[in-house]
Enquirer: 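Let me begin by handing over the structure; questions about it come next.
All heavy atoms count here, side chains included; hydrogens, waters and symmetry mates do not. On a predicted model such as this, the values are computed, not experimentally measured, just so you know.
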Amino acid sequence: MAETLQMGLPGFDPPTPTDRLMFLLYPDAATAERIAAEARRLKEALGLRGQPLLTDRFHITLHHLGDYVGLPNDIVAKGKDAGAALKAAPFEVTFDQAVSFANRPGNSPFTLQGGEGVQDLIAFQKALGEAMAWVKLKPDSGFTPHITLLYDGQVIPAQAIAPIRWTVDRFVLVQSKLGQTQHIVLQAWDLTG
């Protein structure tokens, strides 16, 4: 199977990517509602102006598989192979603080993060990265487990929140339509051990 190439012609700008491929974790519906309520509470308490993400958009990004012009079937196939190769049991994740990433001046992601409660998540992300490498996909090298609540001009230092926890029992391969706030689940895998 030929690799998808993202090349431009000499003297021309490369085409603008339209699609992003990612492995994600979504919280269950009840947890997503708790996250939405916490996002609204924090926005009000901290005087933030950014709008919280839609409840069904809260997620944890495990690995990016790249940005492409159109859907690269070869990369999707490798992603499906990596997902199918990973065998893992369900695990609990806990987020107990809210903090900004200050990497986008004027539009910083305000996130939920965790301490000890994300150790199993970190191990799962690493195992998925190993499955990706096995099928010749490049895993992300760094991983800070987080859920973006909203984007805001203020940078908020870390502060404790009432813990939000759930049992992770599935992960997904998603096609994100860039600029359209649209996620399309291409494949989902249940964690059964």
Enquirer: So Ile164 and Ile35, side chain to side chain contact (heavy atoms under 4.5 Å, CB included) or not? Walk me through it.
Expert: CA-CA 7 Å; Ile164 295 175; Ile35 293 168; 4.0 Å; yes
Enquirer: Where do Tyr68 and Leu21 land on the side chain to side chain contact (heavy atoms under 4.5 Å, CB included) test, with the steps shown first?
Expert: CA-CA 8 Å; Tyr68 303 93; Leu21 291 174; 4.1 Å; yes
Enquirer: Drop me the distance from Arg34's CZ to Phe58's CZ, to the nearest 0.5 angstrom.
Expert: 12.5 Å
Enquirer: For the residue pair Arg57 and His183, confirm or rule out a side-chain donor-acceptor distance under 3.5 Å.
Expert: yes
Enquirer: Please lay out, stage by stage, how Arg20 and Asp67 fare under the test salt bridge (Lys or Arg N to Asp or Glu O under 4.0 Å).
Expert: CA-CA 4 Å; Arg20 175 172 293 157; Asp67 292 354; 2.6 Å; yes
Enquirer: Treat each ILVMFWY residue as a node, draw an edge where side-chain heavy atoms are under 4.5 Å apart, and state whether Ile156 and Leu112 are in one component.
Expert: yes
Enquirer: If the test is side-chain contact (heavy atoms from CB on, under 4.5 Å), which one of Val155, Leu149, Thr148, Val99 qualifies with Phe110?
Expert: Leu149
Enquirer: Compare all side-chain heavy atoms of Gln51 with those of Lys43 and state whether any distance is below 4.5 angstrom.
Expert: yes
Enquirer: Could you check whether any side-chain N or O of Asp152 sits under 3.5 Å from a backbone N or O of Arg49, counting only pairs where one atom can act as donor and the other as acceptor?
Expert: yes
Enquirer: Do Phe101 and Thr144 touch side chain to side chain, with heavy atoms closer than 4.5 Å?
Expert: yes
Enquirer: Let's go through Gln154 and Leu46 carefully: what are the C-alpha distance in whole Å and the side-chain angles of both, what is the deciding distance for side chain to side chain contact (heavy atoms under 4.5 Å, CB included) to 0.1 Å, and is it a yes or a no?
Expert: CA-CA 9 Å; Gln154 292 187 61; Leu46 300 170; 5.8 Å; no
Enquirer: Would Val118 end up clustered with Leu62 when hydrophobic side chains under 4.5 Å apart are linked, directly or stepwise?
Expert: yes
Enquirer: Let me check something: do Met22 and Phe143 share a hydrophobic cluster, defined by ILVMFWY side-chain heavy atoms less than 4.5 Å apart, either directly or through other members?
Expert: no
Enquirer: Is the shortest heavy-atom distance from the side chain of His59 to the side chain of Leu25 under 4.5 Å?
Expert: no
Enquirer: Test side chain to side chain contact (heavy atoms under 4.5 Å, CB included) on Val76 and Leu186; report intermediate values, then the result.
Expert: CA-CA 8 Å; Val76 171; Leu186 302 175; 4.0 Å; yes
Enquirer: Tell me, do Met132 and Lys138 make a side-chain contact under 4.5 Å, heavy atoms counted?
Expert: no
Enquirer: Find the distance between CD (Gln113) and CD1 (Ile147) and round it off to the nearest 0.5 Å.
Expert: 10.5 Å
Enquirer: Side chains of Tyr26 and Ile60, heavy atoms from C-beta outward: is any pair under 4.5 Å?
Expert: no
Enquirer: Given side chains that start at C-beta, do those of Leu173 and Trp189 come closer than 4.5 Å, heavy atoms only?
Expert: yes
Enquirer: Considering non-hydrogen atoms only, spot the tightest contact between Pro163 and Thr94 and give its length.
Expert: CB-CG2, 3.8 Å
Enquirer: So which heavy atom on Ala82 is nearest to which on Ala131, and how close?
Expert: O-CB, 3.6 Å
Enquirer: I'd like to check Asp19 versus Leu178 (side-chain heavy atoms, cut-off strictly below 4.5 Å). Are they in contact?
Expert: no
Enquirer: Which heavy atom of Gly115 sits nearest to which heavy atom of Asp96, and what is that distance?
Expert: N-OD1, 3.7 Å
Enquirer: Could you state the interatomic distance from NZ (Lys78) to CH2 (Trp134), rounded to the nearest 0.5 Å?
Expert: 12.0 Å
Enquirer: So does Glu44 have more than 12 non-hydrogen atoms from other groups sitting under 6.0 Å from CD?
Expert: no
Enquirer: Got more than 12 heavy atoms from elsewhere within 6.0 Å of NZ, Lys177?
Expert: yes
Enquirer: Identify the heavy atoms of Ala102 and Ser108 that sit nearest to each other, and give their distance.
Expert: CA-OG, 3.9 Å
Enquirer: Quick one: pull up CG in Leu48 and OG in Ser100 and give me the separation to the nearest 0.5 Å.
Expert: 7.0 Å
Enquirer: Start with the C-alpha distance between Phe91 and Phe124, add both sets of side-chain angles, then the distance that settles ring-ring contact (aromatic ring centres under 6.0 Å, His included), and finish with yes or no.
Expert: CA-CA 9 Å; Phe91 60 91; Phe124 178 79; 5.3 Å; yes
Enquirer: Are the side chains of Glu38 and Ile161 in touch, meaning some heavy atoms are under 4.5 Å apart?
Expert: yes
Enquirer: Could you grab the distance from atom CD of Gln187 to atom CZ of Phe23, nearest 0.5 Å is fine?
Expert: 9.5 Å
Enquirer: Would Val185 end up clustered with Leu53 when hydrophobic side chains under 4.5 Å apart are linked, directly or stepwise?
Expert: no
Enquirer: Which atom pair, heavy atoms only, marks the closest approach of Thr167 to Pro90?
Expert: CG2-CB, 3.9 Å
Enquirer: Checking the side chain of Asp140 only, and the main-chain atoms of Gly142 only, is there a donor and an acceptor separated by less than 3.5 Å?
Expert: no
Enquirer: Could you tell me which non-hydrogen atom of Leu65 sits nearest to which non-hydrogen atom of Gly79, and how far apart they are?
Expert: CD2-CA, 4.1 Å
Enquirer: Can you get from Leu24 to Phe95 by hopping between Ile, Leu, Val, Met, Phe, Trp and Tyr side chains that sit under 4.5 Å apart?
Expert: no
Enquirer: Quick one: pull up CG in Asn107 and CG in Leu150 and give me the separation to the nearest 0.5 Å.
Expert: 9.5 Å
